[in-house]
Structures are given as structure tokens and as C-alpha cells.
There are 4 protein chains.
Amino acid sequence: MRKAPQQARSREMVERLVTAGRRVLVERGYDAFSTNRVATVAGVSPGSLYQYFPDKAAILEVVIDRYWEEVADRVAASLADRIGEFGPGMVRATTDALLTALEADRELLRVVAEELPVQRNRERRAALERRVRELMTTYLAARPDSSHRPNPAVASWVVVLAIENLAMRWVLDQPEVVTRDQLLDEVLALVGGYLLA
Amino acid sequence: MRKAPQQARSREMVERLVTAGRRVLVERGYDAFSTNRVATVAGVSPGSLYQYFPDKAAILEVVIDRYWEEVADRVAASLADRIGEFGPGMVRATTDALLTALEADRELLRVVAEELPVQRNRERRAALERRVRELMTTYLAARPDSSHRPNPAVASWVVVLAIENLAMRWVLDQPEVVTRDQLLDEVLALVGGYLLA
Amino acid sequence: MRKAPQQARSREMVERLVTAGRRVLVERGYDAFSTNRVATVAGVSPGSLYQYFPDKAAILEVVIDRYWEEVADRVAASLADRIGEFGPGMVRATTDALLTALEADRELLRVVAEELPVQRNRERRAALERRVRELMTTYLAARPDSSHRPNPAVASWVVVLAIENLAMRWVLDQPEVVTRDQLLDEVLALVGGYLLA
Amino acid sequence: MRKAPQQARSREMVERLVTAGRRVLVERGYDAFSTNRVATVAGVSPGSLYQYFPDKAAILEVVIDRYWEEVADRVAASLADRIGEFGPGMVRATTDALLTALEADRELLRVVAEELPVQRNRERRAALERRVRELMTTYLAARPDSSHRPNPAVASWVVVLAIENLAMRWVLDQPEVVTRDQLLDEVLALVGGYLLA
DNA sequence: AATGAATGAGTCTTCATTCAT
DNA sequence: TATGAATGAAGACTCATTCAT
């Protein structure tokens, strides 16, 4: 209990550094993501950074982890709301949630998805995909009439990847020909047609 | 005409450097992609490199451009073989061609797609996508019965992105649950179900 | 009198820090001798260290001082045992005592003699040498027949340095060709031959 | 042959850096021996240093190696002059040569012998000692009447260490009580008395 | 045109020291 | 007095780029 204020300050410092890291990434790009710059933006000396992170990569990982965690949480929340109810409604709601999550910080998404050369990134995205995929596989296996596709695992792999990618690309590229509602409609058609054709 | 030999030599140098760049990328990864190393591998002095490329990024861009050009060429060739014939056969053949193109140099694909922090990458991929998309949009517009989707441009956007991404992820991740043939089947079902549902 | 307990605590702290310093030196070498590590090993905060020592060098000096003081004390004790009796017996006994003192903490000797870049080291060793030298000079001056060398001060300088160095090098290098007893014999022959030739 | 000027420049650069290193060591001490300072003193950029030396330690080693090589060469030259002639004359001449060698750069000797924490130093000194020791051992073994000591290897070990140390300490400490000639006389008496007593 | 030595800004990181609590 | 978080100067080293030859 006596350590509470210190822990609080420790948390605060980590927060400042991670926030600074995120800012540097968004505003100046990955090339500018140097320990000195992150420290400066955090209003902290370079040495302090190393009291809270073992090295440069560690900050980056936290930023990445946080980003995908946020996205995953939003999608999971939406999924939880509609638990048990599979079908068009759920697909639309989930895709919507994913879009909203990705739109929330488009700048960071751009850097994270297109600039970061880090393995950690792939791992985190893979984790999110796996999570949703497993849910879907289970559902498909439990309700044979919900899909005509022979292999639920394969079907989930296809659907999850397709949706994730369409959503990401739509958010990043903002194609003029496709409005947000259109995208949702198309995703619905894509998934519906695929599973039930 | 007097410049021909110099141009020839110039071409040759550019070639050596680009080839060296590709090799470095594939064999040692982007971290090792330093101008000095590329020059060394090309058997050329670091200074010479700057006679043919304004900076490090320029070489990288050529390597990237070449890569996606190759992929695009293969896909285009397959498309050309089946010109006029839309339908399952063409989708399968095109996807097959894309897979083959991506499988041809999986190592480089990995580096290009996951390690390179460069915007140029996105641009090139976008160019490939646009090319195929336009072809498809034209076709869909010309043959209304080939698709039930209201907007051909949107439908093309969806189909092209979905296929491209599924193919890339399959080549990179090599998911155990999905064989190559299965992938082709699923892509077919996905596209067919979407367009004709 | 009111300050006594504080002084006591002060002593204790100094003790802890010096002991920790010695440990760090012996176990991890001079490179690891950082104020932070010494403080950690002492179970004390880095800030506290500066309440008892003005800087890093100061701790090091105390460690060095202590080391040579210990050695000097052991040699002095041996000398005291044989006060008044000069000759082979005393030389052998003194050299033996020196060897024993140096062997007592060979690890620390190694660090102190070969790793420490500090002038202080020289000063302390010089103090030990002077102490023994003066004793010897006095004796030689008092008993002219104990030495045929013309200048007692010079003779003492030679003998003390020679013995000290031979002993140190023997302990540190552990030469295979020379056993401990042989070393004592040789030192005896060296000193005896020199003084009485 | 075409590379001659470049090699010449390379040599020159190495020379400049080593000289600068030596200067830094002598004038500012080992603490100030940073790559940046050495480069600055050499009138060269920090990067250049790494074109000629793999790391900081490498320069230091060259400085050390050169120093002891110089000393060894001088001693060896003196030894060569008196080849075959053992006895007082040779001991005196050799010790004289050693003294001269050590006196030649007393400042560097001080740093090398008392400040450098580097293992390399020990190795180099050990090499010099071994060289002379082996010569002496061979001689003693060949001419049994040149020494009454039972074990030539041991006798050489004792004599070489004693002389080396006495010389070094005399040069470094410049004791008032001992003149240079006195030192030579005493060394002679020491060695003579030891071997022939 | 080609070279490659030289550059020097910039990187990550450490650690002796300070100072608010 | 003790703490330990914060400091920031300095360190070793890299590498894209330049320029005299």
C-alpha cells in the first residue's frame, strides 16, 4: 500500500512514453521512431525511457499490442452482444464494429499496417484473426444448416480473412466507388453467397 | 546512336544493382539492405550506386516495382488466354495464376509484403489491383447476366481484393487446414456465390 | 555524545557499501563496478551511497586501501614476531607471510593489481613498501655486518621491491616451474646473495 | 602496384589514428580514450576510425603492442650485441638497454603499466618476459658454471622478473635515493650474488 | 564514368549523479 | 536520513551520402 503512489507514477510514466511513441509513429512515421525522439516527445530524458522499457522494441510492441487489443476488444464486444445469433445481422454488426474500430485511428492503422516491419505486428493480427475464426468454426460446426460449405475450419478461414482485409483496405484506401453502407452490403452478400450458395 | 553503348552499360549497371538488391532482400532481409551491402553484392563501389539511383529508396522501389510487375504479368497472361470467357473457369485459372506467381518467390514476397516499410509497395499493389479490377468491371458491365450485383465497379473491387488477399495469405501463412485445391474451390464458391446469389 | 548512534549507523553503512564494492569487484570485475550495482548489492539505494562517499572513486579507494592495509598488517605481524632477529629466518618468514596474505584473496588481488585503472592503487602499494623498507633500512644501518651493500636505503629499496614483485607475480601467474617452497628458497638465495656477496 | 597509393594512404591513416590514440592516452589518460576523442585528435571523423579498426579495443591493442614491441626490440638488440657472452657485462648492458627503452616514453609507460585495465597488456609483457627468460634458461643450462642455482628455468624466472620490475619501478617512481648507476650496480650485485652465491 | 575513402549526423544505450519526497 | 525516479552527458558504433581522384 505504501508503494501505491510510486506504482501510480510508474504507470503514468509508461503511459506517457507509450503515448509519445504512438504520437511519433502517427505524426512522423516509423523512421522517426527513435528512442531519443520518443523521450523528447514524452517530455522525459532518454535515460528515463530505459527505466520502464528494456529497449526500443519494447515500446513499439506495447504500442502495437495496444492497438490490436483495442480493435479486438471492440469486435469482441460486438460479438458478445449477439452471442448465439448467427446470420446476416451478426455478420453486419461485427463488420461494422471492425470498421468502427479501424476508423477510430486511421493514421495509426496506416503506420501499423503498412510501415512497421515488425514481426510482432503479424503475430497480433494473427491472434485477432484466430480468435474470431475459432468462434465461427465452432458455430458452423454446431449448426450445419448455417453453411453449405463442407469444411467449417476452411470456411471460417476464408470468411475471416476476406472480411478483415476488405475492412482494412476500405479504411485505408477510402475508395470513392464504395460507400460505407455499400461495403457492409457487399460483405453480407459475399459471406451469405459463399456459405449458403 | 553514339549513346547506345553507354545506355547499354547503364542498363547493365542498373540491372546488376537491382539484382543485388533483390538478393540482399531475400537472403538477409530488409535490415541488411544497406547501400554498401547492395553495392558490394553487385560488385560495384558504393559511389557508383549513386550514379544510377538518387538514393537508397530508389533501388528499393525498382525491386518492388519489378516484383509486382512480374506478378501482374503472369496474371495478365492468364487473363489474356481466356479473354472473353468469364465464369468459373476464368476465375479459377486467374487465381491459379496468381498463386503460382506468388509462390514463385515466396521469400521475396515475405520481405516485400511484411518487412518493407515503404509506401511504394502499396502503390504497386494498388496498380495491379486496379488493372484487374478495370478488366472485370468492363466485363461485368458488358454482360449483365454474369452478375446480380448492382454495381459492377464495387463488385470488382470486392472480388479482386478478396482473391488477392486470400492468395497472399495462403502463400505466406501456408495454413494447414487449407490445401491449394481447396483454396481454389473456396475462392470459386466465394466469388460465384457473391456474384450470382 | 548525541551523535554516537548516528556515527554508528554511518559506520555500518560505510561497511555495507565497502563490502558490497569488494564483492562486486571480486565476483563481476571492475567493469561491473557501477554505483548502482554496488548500492544494490549493499541493499541500499543509489542515492544513499552519496551520503557516505563523494563519488564512485571514493568507494574504490576505500576498498583498495583496505586490501593493502590487510596485506600490510599480516606482513607487519610476521615482522613483529621476529623483531630484532634479522637474517634468513626473518626473510623467509616475511616472504611467507606476504605470500599468505596475497593468496588469501587471489581474486581481489587480480582485480586490484591488473584491472583497476586507479592511481590510488600505486599509492597504497607504495605505502606498504615504504613501511617495510624503512624497517629494513634501520636494521641494516644498525648492524653493518648484516649486509655488505654500501647504501642501506638502496639495498632496502631493491630487496623490498624484488620480493614484493616476485610474490605478486607468483600468486597471480602460478608458474608451473616454481613451487611455493622453491620460491621461498630462491628469494632467500636472492636476498642472501645480494646482501652478503 | 596500382593500389600502392591507397595502401600508402591506408597506412598513413592507421598511423594517424594510432598516434592520436597514444597522444590521448599520454595526455589525458585512459578515461579520455574514447573513439570520438581519438578521431578528433587524429583530425578525422569518428566514422573513419572504423574503416581501419574493428572497434575501440583494436586501436588500444595496437598502441600497447607497439609499445612493448619497441621495448622488446631494444632489449633484443642489446642482447644480440653480446651474444654468447654471459656474465656481468651482459646483465649490465641488458638492464641498461631496458632502462633506456622504458625511459624513452615514461609517460606512456605510466599509462600502459598503471592505468590500462586490458588483458592485452599483460599478455604483451608476458611475451617479452618469456622471450628473455628462454634465452637465459638456455644459456644457464648450457654453461653449468655460470650459475650455482639448481634449476635454470626457475633461476631465469626469478632474475627476469626481478630485473624487469626493478627497472620499471625505478623509471616510474624515480626514487631519490637511487641513481641510475646505482641501480645498475645493485642489479648486478643482485643477479651475481643470486646465481653464484 | 567509376572509385572508395571520408564524412558526420544520428542511433541505441549506460551510468554517475542529483533532488524532490 | 533514505529513497529511487529522473537526469543528461557521453559512449561506441552505423550507414547514407559525397567528392577528390
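Below, chain A is the first sequence line, B the second, and so on; all start at residue 1.
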Return the polar atom pairs (N/O with N/O) between nucleotides 15-19 of chain F and the protein under 3.5 Å, or none.
{"residue": "F:dA16", "atom": "OP1", "partner": "B:Lys56", "partner atom": "NZ", "Å": "2.8"}
{"residue": "F:dA16", "atom": "OP2", "partner": "B:Thr35", "partner atom": "N", "Å": "2.7"}
{"residue": "F:dA16", "atom": "OP2", "partner": "B:Thr35", "partner atom": "OG1", "Å": "2.9"}
{"residue": "F:dT17", "atom": "OP2", "partner": "B:Tyr50", "partner atom": "OH", "Å": "2.9"}
{"residue": "F:dT17", "atom": "OP2", "partner": "B:Lys56", "partner atom": "N", "Å": "3.1"}
{"residue": "F:dT17", "atom": "O5'", "partner": "B:Tyr50", "partner atom": "OH", "Å": "3.4"}

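Under the salt bridge (charged side-chain N to carboxylate O under 4.0 Å, His left out) criterion, the residue pairs touching residues 46-61 of chain A are A:Glu61-A:Arg120, with sequence neighbours excluded. Judged as a side-chain hydrogen bond (donor to acceptor under 3.5 Å, both in side chains), the pairs with a partner in residues 15-25 of chain D (not counting sequence neighbours) are, in order, D:Glu15-D:Arg66, D:Arg22-D:Glu70, D:Arg22-D:Asp105, D:Arg23-D:Glu27.
Residues satisfying the salt bridge (charged side-chain N to carboxylate O under 4.0 Å, His left out) criterion with C:Arg37, sequence neighbours excluded, are absent altogether. Among residues two or more places apart in sequence or in another chain, the side chain to side chain donor-acceptor pair (under 3.5 Å) test is passed with C:Asn36 by none.
Here F:dA2 presents its P atom at 10 Å from CZ of C:Arg16, a figure rounded to the nearest Å. B:Gln51 has its CD atom 9 Å from the P atom of E:dT3, to the nearest Å. A straight line from CZ of B:Arg11 to C1' of E:dA1 spans 19 Å, rounded to a whole angstrom. Rounding to whole angstrom units, CZ of residue D:Phe53 and P of F:dA12 are separated by 15 Å. Residue D:Leu17 contributes atom CG, which lies 14 Å from atom C1' of E:dT7 at whole-angstrom precision. We find that CE of A:Met13 is positioned 14 Å from C1' of E:dA20, with the value rounded to whole Å.
Nearest approach of C:Ala20 to C:Val41, heavy atoms of both residues: CB-CG1, 3.7 Å.
Both A:Leu49 and C:Gly43 sit near DNA chain F, but only C:Gly43 has its closest nucleotide nearer the 5' end.
The backbone N or O of A:Leu172 sits less than 3.5 Å from a side-chain atom of A:Arg110, completing a donor-acceptor pair. Between the side chain of C:Asn121 and the backbone N or O of C:Val112 there is at least one donor-acceptor pair closer than 3.5 Å.
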- Task: Give DNA chain F the dot-bracket treatment, 5' to 3': Watson-Crick (N1-N3 with N6-O4 or O6-N4) or G-U (N1-O2, O6-N3) under 3.5 Å, [ ] crossing, | other strand.
- Result: .||||||||||||||||||||

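Checking the phosphate oxygens (OP1, OP2) of E:dG4, no side-chain nitrogen or oxygen of B:Ser45 falls inside 4.0 Å.
Side chains of C:Val71 and C:Leu102 form a contact here, defined as non-hydrogen atoms less than 4.5 Å apart. At least one side-chain heavy atom of C:Phe53 sits under 4.5 Å from a side-chain heavy atom of C:Val62.
Between E:dT7, E:dA1, F:dA6, one nucleotide has an atom nearer to the side chain of B:Tyr52 than all others, and that is E:dA1.
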